Amino acid sequence: MQITFTSFPSQSGLRSAYASATKHATEDDEDAYMDVEPFDDFESDSSRLTCPGETLTSAQSFMRGHGTYVDNDDVISSVAGTVERVNKLITVRALRTRYNPEVGDLVIGRITEVQPRRWKVDANSRQDAVLMLSSVNLPGGVQRRKLESDELQMRNFFEEGDLLVAEVQAFFSDGAMSLHTRSLKYGKLRNGQLVTVPPILVRRLKSHFFSLPSGVDLILGLNGYIWVSKHVKESEREGEEGFDAEAVYSNRNDDIDDATRTAIARVTNIIRILAAHSVPLTDVVLLEAYEWAVEQDADVKGLLQEDVSDALVAAVTSG
Amino acid sequence: MSSRIEILNDGGFRSDGRRQYELREMTFDMAEQAGADGSASVAHGLTQVRVSVFGPREAKMRSQTIHDRANINVEVGIAPFSTGDRRKRSKGDKRILEFASTIKSTFEPVIQTALYPRSQIDIFVHVLQQDGGVLQACINATTLALANAGVPLLDFVCAVTGGVHAAAPMLDLTTLEENDLPHVTVAVMPRTGRVTLVSMETRLHVDRFEEILRLAGQAGGVIHKEMRAVVRERTKGLVDAMGAGVRTSDFAEDAMVADS
């Protein structure tokens, strides 16, 4: 007895149709997948791929890490992705997953809820993050004490739907993250546009803030949220004399001229294209892609056309 | 009987030209749906299903959170145009709710929910075309969508329908066959051979049951091979795409700052 399947309706003889259907897995593939020998040759083949339920190695000689579980003395993968090994620790890194926070990460989030002395922030993680009233800088200086009146007017600082940039401060016992904005770099976002990409595409960089020529600032949140906004002049940065402390929690955009608007739209489209082609986003890649787009003189909408975007990705990844 | 279509003719062929143990053509598509964390569409012959997975994410309703594991929420939508007789079902239809809870209980022991306390995993199932084996298509599509979303699973879940026609067991029934034959849908985890779902809405002779269950388990293994090949292909595609463009520069900040 043989369980088979063929195209519908079957063309010519079951066995032959099964064997000739090249797009389906054949018996040979099966053997190739079933290699469950131990990990001695791990280094030679650094990006070993795996699927849920695949036995990786013996639990006697290795420790299980994220993306794996132990059953009957075997370490078994629970996600589809690449196998990574550090000494005796085996982990599987999924390619598409929600953001896994780490302390010190820079994230961009959106306020979802205002609660007593805290805000709930959506940061593309498994639970909403918490931003305590005590971990934000209030207008009037770093040293200012939080008063009861501040608790009553929390919506004056952050309201539902507001975007902010923050740093992961700590974790609660259930794994939820606590954020802080106690630096002049962090706080409410305005004058720009949010783009969302898979978090794995944003790598840890020396700095996650940078400016492109033509007056566009970028903030790459490690949670896959990217903020593209109008450039802030050096003299108006935090701590300089032109800095407007009142504007920190402002809900109004500055005047943005048409050229800047176009540049912002162009950058967001570039990010969308690169994300759709799974190109990891770094400062260099983005700068190169932007220069390419300007060089080609493609209009903002035209970038999204398939041939143009393919050319863009090819230009960026080949160099 | 003569006026009706023969389920299994003397030559051993079924009404659509298949043999007894022959499955219909399967297509698995894991292309990303914008906005969803993972999605997959699956077709078994003319049955077509699309599943989107969101999460693990913050539960929308506080009452639904479970303090030590994630809550799985399954919603099923059956398109009015998916069947021969066009019929609109309301969302609160008892049959659809039962169908959703079947899928939920199939995946509850497979998803490692304990890793995500107080979160919620939303599974949205859309049935686009029905020609028998809707439950099997939904379960296979959900497995792929969950794998695509990076949700940790103990194993794949592979489902298939088996039926019996005059003591002859058959696999992967069409609507025509499902209407006439006693049938059972079985979902297996291929690595261990554990069964996470047996669903039977018709009466099946107890002597036939064991044979069908065993057969469905084997067919699950065949489907698993296909599903795994698709997941691997997609994983490889993503890894290759990501490997192509990794470049950073230590001088980036100097190069990038353009003062105005």
Side-chain angles (χ1 to χ4, degrees), chain A residues 1-10 14 24-25 29-30 33 47 49 51-53 55 67 69 76 78-82 94-98 112 120 122 126-128 174-176 200-201 203 205-207 210-213 215 231 233-234 274 277-280 282-285 287 316-317, chain B residues 16-19 21-26 37-38 45 55-58 67 112 116-119 147-156 171-172 189-191 215 218-219 222 225-226 228-229 231-232 235-236 238-239 241-250 252-253 255-260:
Chain A
M1 182 209 73
Q2 164 120 34
I3 297 165
T4 60
F5 68 93
T6 62
S7 300
F8 172 83
S10 68
L14 304 179
H24 302 303
D29 293 340
E30 170 69 354
Y33 292 157
S47 68
L49 306 179
C51 290
T55 306
Y69 67 98
I76 296 157
S78 62
V79 294
T82 52
L95 291 167
R96 284 284 179 275
T97 178
R98 294 224 140 202
T112 56
K120 281 295 185 94
D122 159 42
R126 61 183 84 138
Q127 283 172 69
D128 281 359
D174 62 354
I200 199 169
L201 297 181
R203 300 282 167 85
L205 302 168
K206 235 166 125 185
S207 167
F210 39 80
S211 344
L212 294 171
H231 183 60
K233 289 202 194 86
E234 202 74 7
L274 294 176
H277 288 80
S278 293
V279 180
T282 61
D283 38 13
V284 188
V285 167
L287 183 65
V316 169
T317 52
Chain B
D16 56 6
R18 284 185 290 154
R19 295 273 188 183
Y21 301 137
E22 201 180 330
L23 308 178
R24 291 175 284 178
E25 163 151 30
M26 298 175 248
D37 288 304
R57 62 181 180 186
E58 179 87 4
H67 74 96
Q112 293 182 304
Y116 302 106
R118 306 170 65 86
S119 311
N148 201 357
V151 175
L153 303 171
L154 292 182
D155 198 353
F156 280 90
L171 285 171
D172 198 8
M189 293 161 73
R191 193 181 62 84
L215 201 60
Q218 285 179 355
V222 174
K225 221 188 285 176
E226 293 305 312
R228 199 171 49 172
V231 172
R232 274 184 172 272
T235 314
K236 189 167 184 308
L238 286 176
V239 168
M242 278 177 43
V246 190
R247 274 176 304 141
T248 43
S249 144
D250 290 340
E253 279 159 303
M256 305 271 298
V257 172
D259 253 358
S260 43

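The model shown is predicted, which means the values in this text are computed figures rather than measured ones. Letters go in sequence order (proteins before strands), and every chain restarts at 1.
To the nearest 0.5 Å, atom CG of residue B:Leu238 and atom CG of residue A:Leu49 are 10.0 Å apart.
The two residues A:Arg98 and B:Pro56 make their nearest non-hydrogen contact at CD-O, 3.0 Å. A:Thr82 approaches B:Val239 most closely through the heavy-atom pair CG2-CG2, 3.6 Å.
Heavy atoms closer than 4.5 Å to chain A are found in the side chain of B:Arg191, but not in its backbone. Interface remark: A:Leu274 contributes no atoms to any contact with chain B (heavy atom separation under 4.5 Å).
Looking only at distances, a side-chain donor or acceptor of B:Glu58 sits under 3.5 Å from a matching main-chain atom of A:Asp128.
B:Asp37 has no carboxylate O lying under 4.0 Å from a charged side-chain N of A:Arg96, or vice versa, which leaves the two without a salt bridge.
Scored by the side-chain hydrogen bond (donor to acceptor under 3.5 Å, both in side chains) test, A:Arg126 finds A:Asn100 as partners (sequence neighbours excluded). For A:Ser78, the side-chain hydrogen bond (donor to acceptor under 3.5 Å, both in side chains) partners two or more places apart in sequence, or in a different chain, are B:Gln112.
Of the listed residues (B:Ala147, B:Pro190, B:Gly38, B:Ala149), the one with the most heavy-atom contacts under 4.5 Å to chain A is B:Ala149.
In this structure, A:Cys51 and B:Val231 have side chains that are in contact, with non-hydrogen atoms separated by less than 4.5 Å. Here the side chains of B:Thr235 and A:Leu95 are in contact, with some heavy-atom distance below 4.5 Å.
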